[in-house]
Amino acid sequence: MSSTWWKEAVVYQIYPKSYYDSNGDGIGDLAGITEKLDYIQSLGTNVIWLCPIFKSPMKDNGYDIADYSVVDTIFGDNSALDTLISEAKKRDIKILLDLVLNHSSNEHPWFKAALADPDSPYADYYIFKHWDKPTPPNNLRTYFDCSVWTRIPNSNRWYFNSFGPEQPDLNWENPQLRKEIIDMINMWIKKGVAGFRIDAIGNLKKSPESLSEHRFEADREDGSASLVPWVLNQPGIDKFLTELADKTFKPANSMTVAEIDVPEKDLLAYVGENGYFSMVFDFSIADLDIRHQKPFTTSPITGESLKPVFIKSQLDTQRIGWGAPYLENHDQPRSLNKFLPKGAINSISAKMLATFLLTQRGTPFIYQGQEIGMTNCSMTLEEHDDLHVFKLIEWGRREGYSDEQMMEYFNLRSRDNSRTPFQWNDKDNGGFTTGKPWLKVNPNYVEINAEQECSDKKSLFSYYQQLIALRRHSDISDILIYGDFIPLDSPSDVIAFKRQHEGKMVNIYCNFSGEEKPLSINEQQIYLHNSPIVNDKEGKIILQPYQAIIMS
Ligand code: NOJ
Ligand code: CA
């Protein structure tokens, strides 16, 4: 196992619109992030992943790019990014940008040129189809629950989109388009970014069927079929990804984390020693509560349901390469609400989840606010500001779901739960802005905020600091970073594993239940725990509700 700087990193993810607003317009910005670098450094994280900051109409909050070379004015300008990069560097923090390569905005000049003139070379930068019927060429449904085909008004021209209609897919078959993308990436590498998070990368290659008039077997009552089997990781994608990696990331030795669920058989190509990427985000844990669910329903996650999925994810990745564990991101609700039953969210259980994340094999990703215990935020339908929510509401109303049912689902599952402004203190708007925040601030900022967390040695924030220090700068760092992952037998709802490196080992026990769980082991050297240790008469440990222990 070769050692590399990014294997030793702990990443902090920032959703720029919601981090810190430096100029009172209600929207977080780059100068705001720069102001908060000392905070990020004090947590111990040493890489920042910035969600998209490029010019965009913000229909999908920057995942709809209208110019890949320019910072959007709501975030500042290119020199604000230079400042952020150089100020971060002074603190030994590296910056990852978010690359959205599967689609652009419909306001990108390429797309506008393609619309204006079907014979323009830019028409081949996208995927158009001539179709003179009133309904779309096929019944595939996007990730955002609408048709993959959007008709250009007053015409028989349609274009393909894997997400919203505002996000036309780019045609990766076109070598000129690929060259533009490669040049753009190299331009950012030259500016000093350490790497990239790469959006929806598994969708670059479309199957011939997906672009045809094929009638796909419906998987929903409305007669639509998910696009996933027809656009994800299709034969031929290897050509695009090899070229992309060889001409950009590999020569620059960039850290890359790709957003894609890779089937086990293909992991080697993606994250093996010579894979396209440093690591990939897998969705098996993050989507466990919705994976096989009907629309607008979730199934609660328990320690028992999580255990096999977690062990498989760790073992599969370990066999081949490196992983990128996470519990939260800007597409997911808050982890406290997802992984803990209602009524069990408290400082102990939050610290248990933190232990679970920071002791896994792979580079851990922490999402802004996770370190202070931010939770989901109830919203009315009108309070939401997310394209996917808007599309789901349209779809749900058409299919007869009630607003109440949708609202209940969104309050558990919408992406806005994690996108609410960061809670800095107990002042107005949680100290995020002096203006009107672009999205509702969670009213619990009065109790849950960074100022409070940073001033309390027993807080969740302090516990994250200790965990990160243990992982990055302690006697057991090499074990926690490079150690093998070995699952341990454990009582129900307890997730237990060993990390082992060059004959040394660390054992981790996480109780995902509110019950005591007797272990058949005596107390060893303990490195960190979230609540007092309790032993039975023979000195064996009785794991307490939601207790986590790291010991030798
Ligand atoms: C995945 C991103 O994380 C998400 O926020 C976005 O909406 C889609 N890809 C489309 O770019
Ligand atoms: Ca601002």
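Start at 1 and go down the list; that is how both ligands and their atoms are numbered. Bear in mind that the values here come from a model prediction, so they are computed numbers and not experimental data. Note that these values count all heavy atoms, side chains included, but never hydrogens, waters or copies made by symmetry.
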A.B. asks: Using a strict 4.0 Å threshold on nitrogen-to-oxygen distance, state whether Arg415 and Asp60 make a salt bridge.
C.D. replies: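 So Arg415 pairs with Asp60 through a salt bridge.
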A.B. asks: Between ligand 1 and Gln332, can you find any atom pair, the residue atom being a heavy atom, that is separated by under 4.0 Å?
C.D. replies: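 For ligand 1, residue contact (heavy atoms, under 4.0 Å) with Gln332 is absent.
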A.B. asks: At a 4.0 Å threshold, what atoms of ligand 1 neighbour a non-hydrogen atom of His330?
C.D. replies: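 With His330 as reference, the close atoms of ligand 1 come out as 2 (C), 3 (O), 4 (C), 5 (O).
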A.B. asks: Compare Phe163, Tyr15, Phe281 and give the one whose heavy atom is closest to atom 8 (C) of ligand 1.
C.D. replies: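 Going through Phe163, Tyr15, Phe281 one by one, Phe163 has the nearest heavy atom to atom 8 (C) of ligand 1.
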A.B. asks: So Tyr63 and Phe163, ring pair (Phe, Tyr, Trp, His ring centres under 6.0 Å) or not? Walk me through it.
C.D. replies: CA-CA 10 Å; Tyr63 285 95; Phe163 292 88; 8.8 Å; no
A.B. asks: Look at the N, O or S atoms of Thr433, main chain and side chain alike, and state whether any lies under 3.0 Å from the Ca ion (ligand 2).
C.D. replies: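 Looking at Thr433, which is the residue asked about, there is no N, O or S atom under 3.0 Å from the Ca ion (ligand 2).
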A.B. asks: Pull out every atom of ligand 1 sitting under 4.0 Å from any heavy atom of Arg415, numbered as shown with elements.
C.D. replies: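 Per the distance check, 4 (C), 5 (O), 6 (C), 7 (O).
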A.B. asks: Relative to the Ca ion (ligand 2), which of the N, O or S atoms in Asp29 is the closest?
C.D. replies: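 Closest N, O or S atom of Asp29 to the Ca ion (ligand 2): OD2.
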A.B. asks: Applying ring pair (Phe, Tyr, Trp, His ring centres under 6.0 Å) between Trp395 and each of Phe144, Tyr401, Phe390, report the one that passes.
C.D. replies: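 Going through Phe144, Tyr401, Phe390 one by one, the ring pair (Phe, Tyr, Trp, His ring centres under 6.0 Å) with Trp395 is satisfied by Tyr401 alone.
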A.B. asks: Got the closest protein heavy atom to atom 6 (C) of ligand 1, with its distance?
C.D. replies: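 Closest protein heavy atom to atom 6 (C) of ligand 1: Asp60 OD2, 3.3 Å.
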A.B. asks: What are the atoms of ligand 1, with element, lying closer than 4.0 Å to any heavy atom of His103?
C.D. replies: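 Close to His103: 10 (C), 11 (O).
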A.B. asks: Answer with yes or no whether Phe144 contacts ligand 1, where contact means a heavy atom under 4.0 Å from a ligand atom.
C.D. replies: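 Judged by the 4.0 Å heavy-atom criterion, Phe144 does count as contacting ligand 1.
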A.B. asks: Arg419 heavy atoms, cut-off 4.0 Å: which ligand 1 atoms fall inside?
C.D. replies: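 By the 4.0 Å cutoff, the relevant atoms are 5 (O).
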A.B. asks: Determine whether any heavy atom of Arg197 lies closer than 4.0 Å to an atom of ligand 1.
C.D. replies: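 Yes, Arg197 has heavy atoms under 4.0 Å from ligand 1.
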A.B. asks: Does a side-chain N-to-carboxylate-O contact under 4.0 Å join Lys436 and Asp21?
C.D. replies: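 The answer is no: the pair does not qualify as a salt bridge.
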A.B. asks: To check your reading of the model: name the closest protein heavy atom to atom 9 (N) of ligand 1, its residue, and the distance in Å.
C.D. replies: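 Atom 9 (N) of ligand 1 sits closest to the protein heavy atom Asp199 OD1, 2.8 Å.
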A.B. asks: If you measure from the Lys or Arg side-chain nitrogens to the Asp or Glu carboxylate oxygens, is any gap between Arg141 and Asp219 under 4.0 Å?
C.D. replies: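 Between Asp219 and Arg141 there is a salt bridge, with a charged N closer than 4.0 Å to a carboxylate O.
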A.B. asks: Using 3.0 Å as the threshold, say whether any N, O or S atom from Gly24 sits that close to the Ca ion (ligand 2).
C.D. replies: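 For Gly24, the answer is no, given that no N, O or S atom comes within less than 3.0 Å of the Ca ion (ligand 2).
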A.B. asks: Quick test of your reading: applying side chain to side chain donor-acceptor pair (under 3.5 Å), list the pairs with at least one residue in residues 46-55, sequence neighbours left out, ordered by first then second residue.
C.D. replies: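 Checked against side chain to side chain donor-acceptor pair (under 3.5 Å) - neighbours excluded - the pairs reaching residues 46-55 are Trp49-Asp98.
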A.B. asks: Applying salt bridge (charged side-chain N to carboxylate O under 4.0 Å, His left out) to Arg91 and Glu87, what does each step give before you reach the verdict?
C.D. replies: CA-CA 7 Å; Arg91 294 163 177 84; Glu87 286 299 314; 3.1 Å; yes
A.B. asks: Strictly below 4.0 Å, N to O, side chains only: are Lys59 and Asp386 in salt-bridge contact?
C.D. replies: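 Salt bridge: no.
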